[in-house]
Each structure stands twice: as structure tokens, then as C-alpha cells.
Colleague: 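So that we are looking at the same thing, I have put the structure below in C-alpha cells.
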Amino acid sequence: FCFAFFQLLYSEHEVEKMFTLKPGRLPQADVKNIIFFVRPKLELMDIITDNVLREDRGRSPQRDFHILFVPRRSLLCEQWLKEQGVLGSFIHREQYSLDLIPFDGDLLSMESESAFKECYLESDQTSLYHAAKGLMTLQALYGTIPQIFGKGECARHVANMMIRMKREFPGSQNSIFPVFDTLLLLDRNVDLLTPLATQLTYEGLIDEIYGIQNTYVKLPPEKFAPKKQGEGGKDLPTEPKKLQLNSAEELYAEIRDKNFNAVGSVLSKKAKIISAAFEERHHAKTVGEIKQFVSQLPHMQAARSSLANHTSIAELIKDITTSEDFFDNLTVEQEFMSGIDTDKVNNYIEDCIAQKHPLIKILRLVCLQSVCNSGLKQKVLDHYKREILQTYGYEHILTLNNLEKAGLLKPQTSGRNNYPTIRKTLRLWMDDVNEQNPNDISYVYSGYAPLSVRLAQLLARPGWRSIEEVLKMLPGPHFEERQQLPTGLQKKRQHGENRVTLVFFLGGVTYAEIAALRFLSQMEDGGTEYIIATTKLINGTSWIKSLMEKLEPAPF
Amino acid sequence: LKESKRAVNSLRDIVDDDDDDDLERVSWSGEPVGRRNKLPSFQSLSDALSDTGVKNYTPELRRPKAEYKDYSSDWSPKDTVRRMQRGKVCSLERFRSLQDKLVLLDEAVAGHDGNVITAVLIFLKRTLRREILFRELEVRQVALCHLIHFLKESGEQKFLLDLLRFLDRTEEVALSQYREHLNIQDVEKRREFLKGCIGLPFSAEDTSHIQDHYTLLERQIIIEANDRHLETAGQSEIFRKYPRKASILNMPLVTTLFYSCFYHYTEAEGTFSSPTNLKKTFKIPDKQYVLTALAARAKLRAWDDVDALFTTKNWLGYTKKKAPIGFHRVVEILQRNNAPVQVLQEYVRLVEDVETRLNLATKYKCHDVVIETYRDLKDRIQLTAYKCKVERGSAEEDKINSILNNM
């Protein structure tokens, strides 16, 4: 949950302290009011109940409780609190409509982990409602979006809700000059393939290996120990190293979206530049020159520290990417994505099950094979299921069932495999990929062009009419809507000016897809710039995890 | 965007003390660095709008209490739903007739607000007879999904199962009921529960898995009881030498097989704890069986047992070694368990692919195998080169020399 955003209110409203929600007794604090700021999740209600019940009622002064639900109040949660007997303890029960959170200058996320599961497994479209509300807020700030394109059932729902909301609140018609030309709504299940593959951009790999949470990453501390002179033998830090990753850091902005194999040369070039800059101190002769050098020092020091951090991170990643297992795994992924042997039981997957590799790794691979084959032959599917259940436990039947419902691991129903046609028409597999100086979005997976981004790319040029047949093979309707702009606000495009498209991924988006869209934005004569919004930033592991049944009984 | 910049900069002062030193100070200018065609409109628009009523769209924390009371009792279903969407408390009691209730539900669904739909459903659940509610929901997919989700979240298992049965969603009934076993900690009760699950309407494949789950737990309970007894009695050597670190209860099948190959390898097929019994009962494929047995025996350094695993007598009485898995895998597992070179060598020799064989032999210093392979390939050069890898005056060196002389 994004801390930064809370500060917005708190720094203006005299908040003393902020604590993370934990069971047990509330920490000491000399305050009159305690506000619980939470997502409406039942597990969190249990923790709050525990906090409230353990509060010492005899203490003075007594503390008042309030609860703020983000982004909406939940009847279910309040009911739960009522049943625990603590609902009456809250003086105020409110909601804070935080729908879209800015993660960077071109990236917004709702950070709703359960959105995909709710929409595709449970047919619960509450998160779509919030997406629509978020879009209405966005339009209030940046103007009505004249054109809406979409592909998928959820996309259709969101568009319908937007249109209805606009109709029901006519007062929201504003006179803001529209910033966005187009909104593209995409269901995650239109492209189930991309999140399953291992991302190969710098930021993507950091997320795959270490997990980026709200722009922060926790890393093993050994490589980050500061080398202090005269203190040989100092204890190595044991706490993980926490770093923030966003585009305000110059070096990170430069390397985050590059294929990992291209990062090394950037880092070494940077090292030379920074060394040269520090050498300048020998050339500073006059007082003026020295003064100037000193004024540059903070910036240079920041640059050097940034370089040191990313060199360490790159080393950590390289240890993994050069390992035999990473190579074998990637080879199998790429075989599947290029259409090789997707209809047989795969030896590497079997070996991994036999060696009891982490279950999520196995699930990603079998789901990838299933998606690349439009579903597995019954015999192959049964074989994998049996091996998985015998090795990891029969209770995983529940997870396998979820994956089937989501369309990720299912039997082939129609007897025909659409994937080769889709792959060829949309040019999803590019043999001649250039990782150093890419000319196509396929560089983000070293050969595979994300299906979702291809759809965005083709929408801009030459339009979806050219891929009607393929679009029909992908799930859900595709559509176009126009929203009326008040006269005088119709955008007149200057020659050479780029269109701005907001791409909203309903169900999650990966950093690799974001990198691919940024690549399109900065292409010469690309014609379109992209802003990305989503229900959640995901990677294959966190995504599959959200679909797994919780197997441990609840702690309460 | 401007405000988040301020926020991030003041982050350090307000967050938990623990985090102070770990945060890297990076300034957030709100302006992405490194983007060529940055949109100038964003930043200045936010600035421009900060005074012109944008606050209407950011949430207010305090609302007049009056807004929560529902004074009029004449709101139509449509308006009631509207009011509920705005967070106002509404009493639904006045909707008495079935007709009214259904209109209310349909309006709620059309409004797409999950909370409102749930609230209406709770009301209907309380005030309608089950059969009627189920019947009406059958033709209202969205409302139905909401109710199912609500019942799952609030743990109303019985109601949920009744609903699913009514809808003939039999497989879901089965899975939903099966899921409950996770909440049963006591093994005996869990075993009973699983037994009860067997007759449920699972798919054919899943039925056999559930059956296996029950059978496995039943066996595990027996094995666990026996082995605990053996351990405390202190008579059994294997349990004395390798005390158990954990109970076998609720472990997956393959783990159980490993355990059985480790502690009960020599037992006859008749006992519940023998590996062959497990293999037969659960139809464990040869590949999996051999791999697991190999891992267990290798761990115990029982090389003769390993040998026996791969030796078969053909009808002429000749023994021959074969494996349902590649011999390179056997070598891998043996090496992981620090098998002596003489043992390792036997299996490296059996690796079919020449290149792999050479790689493994060289890696693990199985000199004889390297020498023999180069001899078979008639590769003088490599053979000569390999001389420097063996000890001077050793039997291997002699071997190489003798081969080279006879080539």
C-alpha cells in the first residue's frame, strides 16, 4: 500500500505517527484519535478487531477509533466487525476514494491484487467499477477522452459504465482541453501468455527475482555494505537493503526498460563519465572553477552512488541469468512461444517436478504450454496434473481447478490450435531480435513481442480492421465508442504532434509490457505516446499466486 | 503529482523509525527524466487546476451526519439504489412484494456497485424463501455471482452448497466441500471427512485423486503410529541412526514414497509401509519410483541397492543394466550424495550420449571411462592430451600408453 500517498493528507492534518497494521496491542502514542486506513479485506478486519479488543479501556485519556476504507466502504467488512462486536467502537466509518495511484510520470495503478481473480474466476466486477470511477476522475482532471477502444468482456463493461456515469452526472462536463486522444481498454485474458513468460528487461528481472513492491525493492545486503576504511572486519549488515526505483533517478530511467544484456555497456560508459567528472578537480585552478566543481559535487556523488547500486543489482541478476537452470527454463519458454512441441509432455517440466522445484515455477511452465497450444490434449493435461498432485499434494486440485477456470491450464476443446495463426499474423515471434539497439518491441522478451502491446501498436497503425480475423480468435468483444466533446474543444492536431493514448490493462500489467509501450512512445515517427494504467502491477509469480487457493487455515 | 512530490520528500519524518536508514533519498520532481517527448501539459494543468474546484473530485473526510439518515420513505427502487451508491444508509424493509424486491435487485445490478448488490442480496436472503431466491437468481447471473462470492467470504458453507446443488453445479459443490478439509487439523477427523468426499460428484479424473488422497492419509496414519512406536522402542537401527525430523502425516505421495524407501525398503509387499505396496496401490509410474528409490538409497550410501535397481535378468539369465530415466540423471543424483568414484564410474559408463558421457567422466574424474571412450572413438590426440590429467606412474597412465601403442 503506497505510503507516499497517505502523507498527502497527513502532513496537512497533524498526524503524529503512522504504523503498519499488525495484530496485538496498539503501540503507545499520545494521541486522541486512531484512524485505521485499510483496504476492505476480511483478514484485515480480524487484525483491527484484535487491536480494538486489546485496547486498555481504563487508560486515560481514552483514544477514539475511526476507520477509513480505501477505496470504498464494504458492507461485508462492516458486517464482520459487527459480528465481532466492535463495530460500535468506531466513531467514524468513511471511505477514501483512492482509485488510481500514480507510480511514475506515465504509470497509474489501482494496486488491486484480487482484480483478476474476482473478474475472471468469480464474475465479480467490483474492481471494474472502481476502474471506471478512476477513469472518470482522470477525465475530470484531464478532459473527456474522445475515443474509446476496447477488447474483452471487462473492457466492454468498463466502457459501458463510463458512458452511463457520464450520462448520470452531466454536471461533470468541463471545459478542459483534452490531453488524451484515445483510451484503450484491454482485458488481461486477451493475452494470458505474456505474464507467464520470464521478463528480460532490467526492471522486469528485478521484479521477477526480488519483487518490486510499491516502487521499493528489498535486496540481499552483502553487496551493498559500504566499504569504510580502517574498519576491517566490520560485521556485514543483515537487514535487506531497501531501494526505491523510479524515473526520478537518472541512471535508472535510462536502463530500466533495456534488455538486461544491454545494461552492462551503459553502466561501464557511465562509470567512465563519472570518473572523468571527478578527475576534473585536478583541473580546477581558479577560485571560480573550484567553486563550480564543488557546486556540482552533490549531483556527482548522487550519480556515483546510483551507479554503485545498480552495478551491484546487475551483478546479483547476472548470477541468476547465467545459471544453468535459468537458461534451461528460458529455452523451454521460448520453444513454447515459438510453437515447438507444445502438444507433448515436456521433459524439462517433468524433471523439474521430479526434483521438486517450486510449484509456481512448474505452474507457469505448464500454463505457458497450455496457452501456446490453445489448451492441452486431455492425456497430456492428466499426466501433468497427476504428477503435480503426487509430488506437491492432492490439495492442489483446488488451485488446478482455478487455473482451468481462468483459461490458463485447460483441455483443448475445439481440437484446433489457434495460437500459430495468431503468432504469425501478429508477428509475435521475431527471430532476428536485437537486444542492444532494438527496432521492435520483441526485445523485452528477447524474441517474443507481447501480444497486448502488439494490439496497441496495430490499433494506432494501421488500425484493427487489418486484424479482424485474429481479433475474433481472442476472447471477448472488440468495440469502439466516441464521447462527445463540447464544441471548441475538439483537438486540432499540429503536424508532427503525437497522439496520446491511455492503455488500461484490466487484470494486471507487467514491467516488460510497460517497457514495450515506452519503446513505442519514443520511436521516431511513431505517432503515438502511451500512458499506462492498470488494476495491478504483476509478474508471472505474483499473478499465479493470486490464483492459488490459500491452503493454510486462517490464523483466527 | 505535485502533492505526491511534497509527500515523498517528507516521507522520512513520518514513517516508522525502523525504516529511517534504509530509504534511499531520491528526489521526486514529478518530471520523468530521460523521456524525450515529455508531456508539458500534465504538470502545468495540475497547477492550474489546483484552485479551480478540482477539490470537488477529491474525497472529503467529514460529511454532515444528516446525510446518513433516510428521512423520506418514498424512494423508488431506482432512487434507493442511487442513494445507497452514494453511501447513504437506506432501509429496505418497505419493499415487501416479490415484485418490488426483484426490481430493487435488478436496479442494483444495473448500477454495478458491488456493495449495493451485496446489501440487497443480504436483504433478499433474509426475507425470501430459499427456493424462490434460488429460482430468481438462476436467471440473474451477475447477482448470482455476487451472492456466491459473499457466501464464500463469510463462510456460509451450508447455504452455499444448497445453492450450488440447486443450480446443478455439482462439481463446484464437490470441490467446495473438499476445500473444507483444510480447516480440519485432527488427522482422524480429516481422514473421516475425506472418506465422505469420495462419493461427491467430482469429474472422473478428480474422483480418483480424491480417492488417492483418502487412501494416502489412511496409510500415513498407520505408518506414523507404527514408526513412532519403533522409534521410542529404540530397537530399530535405521531409526536410531537417522532419527525422523518430521511426521509423515499430510505429506505428498512422493515424499511418502521417499520416506518408505528410506526407512522401510526391504519390507515385503504385504505391509502398508513397503515401497512396493505404495507403488502398486497408487500406480506410481516406474520413472518416478526409480528416481525416488535411487535418491533414498543414495542418501543412505546403499550402493548395492542402487545397483539392484537397475539390474534386470533377461530370459537367458544375463544381467543387464537399464533405467527408465537417463543414466546421466542417475549420475547426477549419485554425485549429489557424494558417491565414491568407483560407484559413479559404473553409471557414467552407461550414459548413452557420447558427449555427455565424456563431459561427466571428465568432470567427476572417472578416468577409466574417459580412456575407454577415447579408445572407442580412436581419438589419439585426445587420449594423449588426457595423459596430463592422470597421475604419473598410475595404472591409468599405463592403460593409456598401452592403448596408444596398439592403435
Side-chain angles (χ1 to χ4, degrees), chain A residues 3-5 7-8 10-11 15 18-20 42 72-76 94-97 102 104-106 122-126 129 137 140-142 161 179 239 241-244 246-250 253-254 354 382 385 389-395 397-398 401 498 500 521-522 529 549 551 553, chain B residues 1 3-4 6-8 10-11 14-16 22-24 26-37 39 41-42 45 49 54 57 59 61 87 112-115 118-119 141-142 145-146 148-150 153-154 175 178-179 182-183 205-206 209-210 212-213 216 252-254 282 284 288 291:
Chain A
F3 264 135
F5 222 74
Q7 308 323 303
L8 162 63
Y10 288 155
S11 51
V15 169
M18 245 184 68
F19 300 104
T20 318
L42 284 180
R72 307 249 3 262
R73 286 170 70 168
S74 154
L75 197 73
L76 196 62
E94 310 275 354
Q95 68 189 27
Y96 183 66
S97 301
D104 214 310
D106 59 352
E122 296 162 359
S123 303
D124 173 358
Q125 285 152 353
T126 313
Y129 174 75
T137 308
L141 290 169
Y142 297 110
M161 281 191 272
V179 167
E239 286 292 305
K241 174 87 177 166
K242 198 168 170 184
L243 284 178
Q244 188 176 32
N246 64 45
S247 64
E249 190 183 348
E250 246 180 82
E254 208 182 320
D382 288 341
K385 275 170 106 167
L389 295 174
Q390 287 186 341
T391 309
Y392 298 96
Y394 292 106
E395 59 273 17
I397 270 188
L398 301 164
N401 189 258
N498 282 335
V500 180
S521 295
Q522 53 80 63
E529 266 193 55
E549 282 294 326
L551 294 178
Chain B
L1 286 170
E3 289 177 305
S4 6
R6 228 192 311 147
V8 172
S10 56
L11 183 67
I14 309 217
V15 170
D16 249 344
D22 293 345
L23 287 176
E24 200 74 358
V26 175
S27 69
W28 177 277
S29 63
E31 306 205 42
V33 178
R35 279 175 53 82
R36 230 174 358 102
N37 299 330
L39 295 169
S41 35
F42 269 174
L45 259 180
L49 290 173
V54 157
Y57 303 96
L61 276 184
H112 294 290
D113 186 330
N115 264 344
T118 305
Q141 277 302 306
V142 176
C145 291
H146 267 276
I148 291 175
H149 183 74
F150 169 75
E153 286 283 299
S154 55
L175 284 166
Y178 171 71
R179 185 186 288 110
L182 296 165
N183 293 331
E205 258 302 304
D206 284 349
H209 294 310
I210 305 293
D212 283 349
H213 191 177
L216 181 62
L253 175 61
V254 172
F282 295 98
I284 300 176
Q288 183 67 73
L291 264 169

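Because the structure is a prediction, the values reported are computed rather than measured. Computed over heavy atoms, backbone and side chain alike; hydrogens, waters and symmetry mates excluded.
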Colleague: Taking 4.0 angstrom as the limit, do A:Glu549 and B:Arg179 come out as a salt bridge?
Modeller: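 Answer for the salt bridge query: yes.
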Colleague: First locate atom CG of B:Leu175, then atom CD1 of A:Ile397, and finally report the distance between them rounded to the nearest 0.5 Å.
Modeller: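 B:Leu175 CG to A:Ile397 CD1: 7.0 Å, rounded to 0.5 Å.
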Colleague: Which bit of B:Tyr178 is near chain A, if near means a heavy-atom gap under 4.5 Å: side chain, backbone, both or neither?
Modeller: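 Contact with chain A involves the side chain of B:Tyr178 alone.
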Colleague: Of the listed residues (A:Asn401, A:Leu398, A:Thr126), which shares the most heavy-atom pairs with chain B below a 4.5 Å separation?
Modeller: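 That would be A:Leu398.
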Colleague: Among B:Gln141, B:His146, B:Gln288, which has the most heavy-atom pairs under 4.5 Å with chain A?
Modeller: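 Option with the top pair count is B:His146.
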Colleague: For A:Ser123 and B:Cys145, which heavy atoms make the closest approach, and how far apart are they?
Modeller: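 It is CB-SG, 3.2 Å.
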Colleague: To the nearest 0.5 Å, how far apart are CG in A:Asp124 and NE2 in B:His149?
Modeller: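 Answer for the CG-NE2 pair, A:Asp124 versus B:His149, is 5.0 Å.
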Colleague: Among B:Asp206, B:Leu216, B:Thr118, B:Asp212, who wins on heavy-atom pairs under 4.5 Å with chain A?
Modeller: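 Greatest number of close heavy-atom pairs with chain A: B:Asp212.
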Colleague: Answer yes or no: is there a side-chain heavy-atom contact under 4.5 Å between A:Leu389 and B:His213?
Modeller: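 No, every pair of side-chain atoms sits at 4.5 Å or beyond.
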Colleague: Counting heavy-atom pairs under 4.5 Å with chain A, which one of B:Leu291, B:Val254, B:Ile148, B:Ile284 comes out on top?
Modeller: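 Most heavy-atom pairs within the cutoff with chain A belong to B:Val254.
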